[in-house]
Amino acid sequence: MAGTKVLRSLLHELRQASVEPNCIKNNLAARYILAQYKKFETTDQQLCKARNEAIFLGQTYLTYLSSLRNYNELYKEFHGRGERTVKETADLVGFKLPTDPK
């Protein structure tokens, strides 16, 4: 992944995790990420080992943020809310209950 793509993806994940999704300018994590991105910015004529390490670290943070968001979504959906009926449990796992002919 290129550095710019990693940066955009990180900012997108931070927007998703933010309480105020439209206001990322005041987010301390976003400011830190932008500062680090500017710090390790290179030109075509430079070879910077730290930039590659920074991109790897950005990808690691991106994986962490997206996994955390996915975990929270799954937790909200499947966390026990007390007793469920047999029909709710069957619907949850994708089974259909047999019907009783009367």
Listed pairs under 3.5 Å, donor-acceptor, residues 62-70 side chains, sequence neighbours left out:
unit_1: T63; atom_1: OG1; unit_2: Q59; atom_2: O; d: 2.9
unit_1: S66; atom_1: OG; unit_2: L62; atom_2: O; d: 3.1
unit_1: S66; atom_1: OG; unit_2: T63; atom_2: O; d: 3.2
unit_1: S67; atom_1: OG; unit_2: T63; atom_2: O; d: 2.8
unit_1: R69; atom_1: NE; unit_2: E13; atom_2: OE1; d: 3.0
unit_1: R69; atom_1: NH2; unit_2: E13; atom_2: OE2; d: 2.9
unit_1: N70; atom_1: ND2; unit_2: S66; atom_2: O; d: 3.3

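Considering NZ of K5 and NE2 of H12, their distance stands at 12.5 Å, rounded to 0.5 Å. From R15, atom CZ reaches atom CG of N27 across 10.0 Å, with rounding to the nearest 0.5 Å.
In R84, the CZ atom is crowded: over 12 heavy atoms of neighbouring residues, nucleotides or ligands sit closer than 6.0 Å.
Between Y37 and T4 the shortest side-chain heavy-atom distance falls below 4.5 Å.
Residues satisfying the side-chain contact (heavy atoms from CB on, under 4.5 Å) test with Y75, not counting sequence neighbours, are Y71, H79. Every residue meeting the side-chain contact (heavy atoms from CB on, under 4.5 Å) condition with T85, not counting sequence neighbours, appears here in chain and number order: K87, E88. By the side-chain contact (heavy atoms from CB on, under 4.5 Å) test, L57 is found to be paired with Y61, residues two or more places apart in sequence or in another chain being considered. With sequence neighbours left out, the side-chain contact (heavy atoms from CB on, under 4.5 Å) criterion links I33 to L7, L10, L14.
Hydrophobic cluster membership for L97: V86 (Ile, Leu, Val, Met, Phe, Trp, Tyr linked by side-chain heavy atoms under 4.5 Å, directly or transitively).
Among residue pairs with one or both ends in residues 26-37, none qualify as salt bridge (Lys or Arg N to Asp or Glu O under 4.0 Å); sequence neighbours excluded.
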